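Below is one structure, written out as structure tokens; comments come after it.
Source: prediction; values computed, not measured.
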Amino acid sequence: MKKLNFTIHIKATANKVWQVLWDDSTYRKWTHLFHEGSYAVSDWKEGSNIQFLNPTGSGMYSTIEWLKPNEHMVFKHIGEIKNFKEQAIDEKTKLWSGGLEAYTLIQENGGITLSVDVDAPADFIDYFKDTFPKALAQVKEISEKPIVIVVEAIVNASIEKTWDYFTQPQHIIKWNNASDEWHTPNATNDLKAGGNFLYRMEAKDGSFGFDFAGTYTTVELHQNINYTLGDGRTTKITFVKQNNICKIVEEFDAEDINSLSLQQGGWQAILNNFKTYTENN
């Protein structure tokens, strides 16, 4: 095998680039250039197995040899997968089994230099030389733009009630939590363009808490609410009347600390809690 290196500079934080590389939703976006519908199955822990698959169940299985979050990810490729089943190592597989694929993130020049080293079998050298630069360009494009997450819910209530329960502090404190272990002991809300809001969110055991706060940029009664958080991220909330029910769609810029799936799950859980509270009160 021949070792190939591909490098690209990205104007983003290491957290953001790491997130784009390995979070399921963004991983699929840049790896589709290798095969449409590519995805990975793993618990993403050092020493764990990982399967690289396409929708037909073909791919390869590997191990995560070394993982240091936001710095290094090294895969050791082992064998083929066919029909979602790992195959025994045959003579053809032996030619590349044990090859490494290493991702290194280096903070420099106001951003991150992403370097990828790949042990390439002879018949894949030209393919990798053509495809890897395109894939890394996709990583760069995604990393340098805000990642927008969307959650939504259908609320079996009038748009007037839905709007009031979503925006009035006496209701916000009843539904603004993703799980029973959390609550919002107080909330303030100056619902107008230029107005501020602050929801105090705390674990019920007192172990942790934070202020969720921002400034409204647009408020259109029973239609839209847009706001900007203190770190510059934006959120757009749309209310759509559908006969006697209301559809709420929230679109928000992801942060780059927690995984995208964790953020989406948390926001969706809060919105689901809002739906339940509004429909039952």
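Shown are W22, W66, W18; of these, the ring-ring contact (aromatic ring centres under 6.0 Å, His included) with Y103 is made only by W22.
Checking side-chain atoms of K161 against main-chain N and O of T278 turns up a donor-acceptor pair under 3.5 Å. In terms of modelled atom types and a separation under 3.5 Å, the side chain of Q263 and the main chain of N258 share a donor-acceptor contact. Of the possible polar contacts, one joining the E46 side chain to the L67 backbone as a donor-acceptor pair under 3.5 Å is found. A donor-acceptor pair under 3.5 Å is absent between the side-chain atoms of K140 and the main chain of I10, judged by distance alone. A donor-acceptor pair under 3.5 Å is absent between the side-chain atoms of N176 and the main chain of I172, judged by distance alone. The backbone N or O of Q87 sits nowhere less than 3.5 Å from a side-chain atom of E80 that would complete a donor-acceptor pair. Although no hydrogens or angles enter the test, the distance criterion places no donor-acceptor pair under 3.5 Å between the side chain of K94 and the main chain of I89. Judged by distance alone, the side chain of T238 and the main-chain N or O of N224 form no donor-acceptor pair under 3.5 Å. Of the possible donor and acceptor atoms, none in the side chain of K29 sits under 3.5 Å from a partner among the backbone N and O of V139.
L136 is not connected to L100 by any chain of hydrophobic side-chain contacts under 4.5 Å among Ile, Leu, Val, Met, Phe, Trp and Tyr, and they are in different clusters. In the hydrophobic clustering of this structure, M1 groups with F124; members are Ile, Leu, Val, Met, Phe, Trp, Tyr whose side-chain heavy atoms approach within less than 4.5 Å, directly or through other members. Tracing side-chain contacts under 4.5 Å through hydrophobic residues (I, L, V, M, F, W, Y), one never reaches M201 starting from I173; they form parts of separate clusters. Y199 and V219 fall within a single hydrophobic cluster, where Ile, Leu, Val, Met, Phe, Trp and Tyr side chains are chained together by heavy-atom contacts under 4.5 Å. One hydrophobic cluster, built from ILVMFWY side chains closer than 4.5 Å, holds both Y165 and I248.
Counting heavy atoms from C-beta on, the side chains of V148 and D253 come closer than 4.5 Å. Within the 4.5 Å cutoff, the side chain of W175 has no heavy atoms near those of the N281 side chain. Looking at Y61 and V41, their side chains never come closer than 4.5 Å, going by heavy atoms from C-beta outward. Looking only at side-chain heavy atoms (C-beta outward), L229 and F212 come within less than 4.5 Å of each other. Residues N177 and N273 meet the side-chain proximity criterion, which asks for heavy atoms closer than 4.5 Å. A heavy-atom distance below 4.5 Å is found between the side chains of S143 and V20. Considering only heavy atoms from C-beta on, M73 stays 4.5 Å or farther from L21 through its side chain. Using a 4.5 Å cut-off on side-chain heavy atoms (C-beta onward), K3 and N5 make no contact.
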Salt bridge (Lys or Arg N to Asp or Glu O under 4.0 Å) assessment of R233 paired with E255:
CA-CA 8 Å; R233 292 184 295 125; E255 41 95 347; 5.9 Å; no

Could you go through F52 and F34, starting from their C-alpha distance and side-chain angles, then the distance that decides it, and tell me whether this counts as ring pair (Phe, Tyr, Trp, His ring centres under 6.0 Å)? CA-CA 11 Å; F52 299 98; F34 294 97; over 10 Å; no

> Would L191 and W163 satisfy side-chain contact (heavy atoms from CB on, under 4.5 Å), going step by step from the backbone distance to the final call?
Replying inline: CA-CA 11 Å; L191 187 62; W163 179 274; 3.9 Å; yes

Candidate pair R28 and D24, rule side-chain contact (heavy atoms from CB on, under 4.5 Å), full reasoning: CA-CA 6 Å; R28 292 172 184 256; D24 180 65; 3.0 Å; yes

For E86 and I78, run side-chain contact (heavy atoms from CB on, under 4.5 Å): C-alpha distance rounded to whole Å, both residues' side-chain angles, the deciding distance at 0.1 Å, then the answer. CA-CA 10 Å; E86 296 180 359; I78 300 172; over 6 Å; no

Between I64 and S42, is a side-chain contact (heavy atoms from CB on, under 4.5 Å) present by the stated rule, with each step listed? CA-CA 9 Å; I64 299 176; S42 180; 3.7 Å; yes

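Side-chain atoms of Y216 and N189 include a donor-acceptor pair closer than 3.5 Å. With hydrogens and angles left out, the side-chain atoms of T13 and N15 include no donor and acceptor closer than 3.5 Å. Checking D256 against Q19 by side-chain atom types alone, no donor-acceptor pair falls below 3.5 Å. Side-chain contact, T93 with D90: a donor N or O sits under 3.5 Å from an acceptor N or O. Inspection of the D190 and N196 side chains reveals no N or O donor paired with an N or O acceptor under 3.5 Å. A donor and an acceptor atom, one from each side chain of T234 and N226, are nowhere located under 3.5 Å apart.
Rounded to the nearest 0.5 Å, atoms CG (N243) and OG (S158) are 13.0 Å apart. Taking CD of E144 as the start and CD1 of I112 as the end, the distance is 11.5 Å to the nearest 0.5 Å. If you take CG on D164 and CD1 on I159, they are separated by 11.0 Å, rounding to the nearest 0.5 Å. Note that CD1 of I245 is 11.5 Å distant from NZ of K241, once rounded to the nearest 0.5 Å. H9 NE2 to E108 CD: the interatomic distance, rounded to the nearest 0.5 Å, is 7.0 Å. Distance check, rounded to the nearest 0.5 Å: OG1 of T162 to NZ of K275 gives 9.5 Å.
The heavy-atom pair separating E101 from F132 by the smallest distance is OE2-CZ, 3.8 Å. Across L260 and A254, no two heavy atoms sit closer than the pair CD2-CB, 3.6 Å. Between V74 and A102, the closest heavy-atom pair is CG2-CB, 3.8 Å. Of all the heavy atoms in P55 and E36, the pair that sits closest is CD-O, 3.4 Å. Residues F274 and V155 come closest through the heavy atom pair CE2-CG2, 4.0 Å. Taking every heavy atom of both residues into account, V151 and Q268 meet most closely at CB-OE1, 3.2 Å.
Atom OH of Y39 sits in a crowded spot, with more than 12 heavy atoms from other residues, nucleotides or ligands closer than 6.0 Å. Within 6.0 Å of CG in N244 there are 12 or fewer heavy atoms belonging to other residues, nucleotides or ligands. The number of heavy-atom neighbours closer than 6.0 Å to NZ of K11, taken from other residues, nucleotides and ligands shown, is 12 or below. More than 12 heavy-atom neighbours from other residues, nucleotides or ligands sit within 6.0 angstrom of CG on D231.
Aromatic ring orientation, F208 versus F210: tilted (interplanar angle from 30° to 60°).
A search for salt bridge (charged side-chain N to carboxylate O under 4.0 Å, His left out) contacts involving E71 returns K68, not counting sequence neighbours.
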